[in-house]
Amino acid sequence: MKTFNHFLMLACSLFTLSQTALAQNESGGIYKTAYDFRQNKLSYAVNVNNGRDKIKSDMLLREGKVKVISGGRVYTLDKRDVYGYKSPDGAIYRFYRKNDYKVLNAGEPLTLYAYLQGSSSGRANMRIYADYYFSSNLSSAPQHLTIENLKAAFPGNRKFQEALDENFKTDEDLTAYDGTHKMYRLVETYKNSLK
């Protein structure tokens, strides 16, 4: 267990460093509300060009705080009080119940998320994997990405429910990406059901 905890701290440190190191000319900040996210309105702006600004969220440790260093000032915010953040490398995360959900398709009518988790099957065998979630709108809670949950989230959209049965045989199929149209097949299916 001690090794597992050390690995988690190391992984968080590496993640934070990689966010800063990979950033080029992108900037980030905090989305206070779902409306701010929809409008792409950032608060506590982070400019990576000055080398001091950062956003730190200990995703693997599931801390309830996010720390922002902006313009030489340090802000510690409770994740319950903000919607999410855009990291300096351009990745977008949504907070829900102290957890960070990576937004996979910002700006689409059906939002998909990856939730990073760790598992250990021994002292040195730590594995990071993603569980997938969705929300039917920007304010609704993330739900496990399953065919059953999608049907329950859109009970009035019979066309979408039928398309789910026709196009997706298992829950794992829901994360398929269409490189030609540059979107997740599920999102494309949902958009088509609205026509």
Side-chain angles (χ1 to χ4, degrees), residues 1 4 7-8 11-12 14-15 18-19 31 33-35 37-38 40 57-64 66 79-80 82-87 89-122 124-195:
M1 185 65 175
F4 179 74
F7 180 80
L8 281 177
C12 287
L14 290 174
F15 176 77
S18 70
Q19 282 185 327
Y31 297 109
T33 65
Y35 180 78
F37 176 72
R38 181 179 291 118
N40 199 27
S57 177
D58 295 325
M59 292 191 310
L60 294 176
L61 297 179
R62 309 295 187 232
E63 301 269 330
V66 61
K79 289 182 181 179
R80 291 176 300 181
V82 295
Y83 185 79
Y85 72 98
K86 180 179 180 183
S87 69
D89 68 356
I92 298 172
Y93 295 87
R94 177 181 175 190
F95 298 132
Y96 185 74
R97 293 190 178 158
K98 295 184 181 181
N99 296 320
D100 299 42
Y101 293 83
K102 183 175 183 178
V103 178
L104 300 176
N105 62 331
E108 295 292 342
L110 174 64
T111 306
L112 302 178
Y113 308 94
Y115 177 67
L116 300 177
Q117 298 193 64
S119 70
S120 178
S121 60
N125 295 331
M126 178 63 182
R127 184 174 83 94
I128 304 294
Y129 63 96
D131 277 340
Y132 294 93
Y133 288 76
F134 77 97
S135 60
S136 56
N137 63 56
L138 293 178
S139 298
S140 64
Q143 300 178 55
H144 280 281
L145 184 61
T146 66
I147 294 169
E148 183 179 324
N149 285 348
L150 284 163
K151 287 181 177 182
F154 301 98
N157 189 338
R158 185 174 174 91
K159 190 174 177 182
F160 181 54
Q161 293 190 7
E162 290 172 356
L164 285 170
D165 290 333
E166 291 172 17
N167 296 300
F168 305 97
K169 302 303 177 209
T170 67
D171 292 339
E172 289 77 26
D173 294 341
L174 296 170
T175 59
Y177 189 78
D178 181 347
T180 303
H181 295 101
K182 307 245 187 278
M183 73 171 52
Y184 288 88
R185 283 185 48 229
L186 173 62
V187 175
E188 187 175 12
T189 301
Y190 178 69
K191 284 174 139 181
N192 289 336
S193 75
L194 299 175
K195 295 177 182 177

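Along the sequence shown, residues are numbered consecutively beginning with 1. Computed from a predicted model, the values in this text were never measured in an experiment.
- Here CG of Leu104 is found 14.0 Å from CE of Met183. Values are rounded to the nearest 0.5 Å.
- In this structure a side-chain-to-backbone donor-acceptor pair under 3.5 Å is present from Asn157 to Phe160.
- Here the straight-line distance linking atom CG of Asp131 with atom CG of Leu145 works out to 10.0 Å at 0.5 Å rounding.
- With hydrogens and angles disregarded, a donor-acceptor distance shorter than 3.5 Å links the side chain of Asp171 to the backbone of Ile147.
- For the atom pair OH (Tyr133) and OH (Tyr101), the distance works out to 5.0 Å, reported to the nearest 0.5 Å.
- Heavy atoms only, all atoms of each residue included: Pro155 and Gln161 are closest at CA-NE2, 3.4 Å.
- Nearest heavy atom pair, residue Thr146 against residue Leu174, reads C-CD1, 3.6 Å.
- Between the side chains of Ser135 and Tyr113, at least one donor N or O lies within less than 3.5 Å of an accepting N or O.
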| task | Assess whether side-chain contact (heavy atoms from CB on, under 4.5 Å) is satisfied between Leu138 and Arg94, documenting all intermediate values. | result | CA-CA 10 Å; Leu138 293 178; Arg94 177 181 175 190; over 6 Å; no
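- Here the closest non-hydrogen pair linking Tyr132 and Ala114 is CE2-CB, 4.1 Å.
- Between Lys79 and Asp100 there is a salt bridge, with a side-chain nitrogen of the basic residue lying less than 4.0 Å from a carboxylate oxygen of the acidic one.
- Checked against the 6.0 Å centroid threshold, Phe95 and Tyr85 count as a close aromatic pair.
- Among all heavy-atom pairs drawn from Glu108 and Val187, the shortest one is OE1-CG1, 3.6 Å.
- The NZ atom of Lys169 sits 11.0 Å away from the CG atom of Leu164 when rounded to the nearest 0.5 Å.
- The ring-ring contact (aromatic ring centres under 6.0 Å, His included) test applied to Tyr177 returns Tyr184, not counting sequence neighbours.
- Partners of Thr111 by side chain to side chain donor-acceptor pair (under 3.5 Å), not counting sequence neighbours: none found.
- Within the 6.0 Å centre-distance limit, the rings of Tyr190 and Phe154 are counted as a close aromatic pair.
- Between the side chain of Asn105 and the backbone N or O of Leu110, at least one donor-acceptor pair lies under 3.5 Å.
- Taking the six-membered ring for Trp and the full ring otherwise, the centers of Tyr31 and Phe37 sit less than 6.0 Å from each other.
- In this structure, NZ in Lys151 is found 9.5 Å from CD in Glu162, a value given to the nearest 0.5 Å.
- When every heavy atom of Lys159 is checked against every heavy atom of Asn192, the shortest pair comes out as NZ-O, 3.4 Å.
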| said: Let's go through Phe134 and Leu112 carefully: what are the C-alpha distance in whole Å and the side-chain angles of both, what is the deciding distance for side-chain contact (heavy atoms from CB on, under 4.5 Å) to 0.1 Å, and is it a yes or a no? | reply: CA-CA 4 Å; Phe134 77 97; Leu112 302 178; 3.9 Å; yes
